[in-house]
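Notes follow the structure.
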Amino acid sequence: MKLTVVGCGDAFGSGGRLQTGYQVDWSGGHFLIDCGATVLIGLNRLDIDPNTIETIFISHLHGDHFGGLVWWLIHAQHVGKRTAPLTVIGPPGIAERFVSAAEALFPGSSRLPRRYELKFVELVHEAPLAVGGLQVTAFEVSHPSGAPSYALRFELEGKVLAFSGDTEWVEKLVPAGRRADLYIMECYYFDGAPRFHMSWSRIAAELDRIGAKRIMLTHMGEAMLAHSSNILDPRVLLAEDGLSIEL
Ligand SMILES: [Zn+2]
Ligand SMILES: [Zn+2]
C-alpha cells in the first residue's frame with residue numbers, strides 16, 4: 001500500500017502548501033482521504049487521474065478538507081467525463097453541505113445530469129464501516145465544523161492507517177491511532193495546548209501511549225514550520241506535498 005501526500009497545508013496557505021488530501025493505492029483500489037479546495041491542483045502535479053479514485057473519505061466539513069469536492073464535481077462533468085461510480089463518505093449532513101457549497105460557487109452544478117453514480121455515506125461515531133474490503137472507524141474529536149468532526153482509522157491489508165483530522169487533544173485520539181503503522185496527526189502549533197488544534201508538545205506527550213509505529217505531522221502553521229528542525233523523535237516525519245510512503 002502506498003500513501004501519497006497530495007496536500008498537507010492548513011487553511012491559510014502556510015508554507016505555500018496545498019490544502020489537505022492523501023491518496024492511497026492498495027490492493028483494493030484507490031481512495032482519497034480529505035479533499036481540500038486545492039486537491040485537483042495537487043493531483044495534477046502528481047499526474048494522478050481523479051477518475052481513478054473510487055472513494056473519498058472526509059474527516060470534517062471545513063473548506064480546506066471537503067471544499068475540493070465542488071471542483072471535483074465540475075471536473076468529472078466537463079473534463080474527466082467520469083463514468084465510474086464515486087462514493088463520498090463523511091460526517092452527517094455531508095450531502096447537504098456539499099450541495100450548498102457547489103451551488104454557491106457554481107450555480108446549477110449540483111443539478112446537472114451525471115454520467116456516473118455519486119453516492120454519499122454518513123459516518124457514525126465508533127461504528128466500523130466496511131467499504132470495498134477495508135474498514136474505517138470514525139472517532140468524534142473536538143473541532144467545530146457545523147457537524148461532528150472525526151479522526152479516521154483505516155484497517156486494510158493487515159495494516160492500520162490513521163488520521164487525526166483537525167482537533168485539539170481528546171482521548172479518542174488514542175484508540176483512533178493505537179499501534180497504527182502510520183498516524184497522520186494535525187499539528188498546527190509547535191507549543192502549548194491550543195483550542196481546536198494540536199501542537200507538537202501536546203502530541204509528543206502522548207506518543208508512547210498511542211504506540212503508533214510512525215507519526216506524520218501535517219496541517220502545520222507558520223510557527224510550527226519554523227520549528228520543524230527541532231523535531232528529532234525517530235518515529236516522527238513531517239509531511240510534504242508530493243511525499244509518498246510505502247506501508
Ligand atoms: Zn484544516
Ligand atoms: Zn478544520
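First listed ligand is number 1; within each ligand, the first listed atom is number 1. This structure is a prediction, so every number in the text was calculated from the model and none was measured.
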Which class fits the ring pair Phe120 and Phe98: parallel under 30°, tilted 30 to 60°, perpendicular over 60°? tilted

Any N/O/S atom, backbone or side chain, of Asp10 lying under 2.8 Å from the Zn ion (ligand 1)? no

Asp166: which N/O/S atom is nearest the Zn ion (ligand 1)? OD2

Could you check whether any side-chain heavy atom of Tyr188 comes within less than 4.5 Å of a side-chain heavy atom of Glu168, counting everything from C-beta outward? no

N, O or S atom within His62 nearest to the Zn ion (ligand 2), by name: ND1

Got a sec: is His65 within less than 2.8 Å of the Zn ion (ligand 1) via an N/O/S atom? yes

Below 2.8 Å, any N, O or S contact between His60 and the Zn ion (ligand 1)? no

We want to know whether Asp166 and His219 form a side-chain donor-acceptor pair, criterion being a heavy-atom distance below 3.5 angstrom. yes

Please find the N/O/S atom of His219 nearest to the Zn ion (ligand 1) and write down its name. NE2

What's the atom name of the N, O or S in Asp64 nearest to the Zn ion (ligand 1)? OD2

Sole candidate of Gln19, His60, His65 that passes side chain to side chain donor-acceptor pair (under 3.5 Å) when paired with Asp34: His65

Please give the atom name: the N, O or S atom of His143 nearest to the Zn ion (ligand 2). NE2

Go through it in stages, so that I can follow the logic: the residues are Ser201 and Asp191, the test is side chain to side chain donor-acceptor pair (under 3.5 Å), and I'd like the CA-CA distance, side-chain angles, deciding distance and then a yes or no. CA-CA 5 Å; Ser201 60; Asp191 226 343; 3.2 Å; yes

Heteroatom N/O/S of Glu186 within less than 2.8 Å of the Zn ion (ligand 1): no

Are Met216 and Phe139 joined in one hydrophobic group, where the rule is that I, L, V, M, F, W and Y side chains link up if heavy atoms are under 4.5 Å apart? no

In terms of heavy-atom contacts, does CZ of Arg209 have more than 12 from other residues, nucleotides or ligands at under 6.0 Å? yes

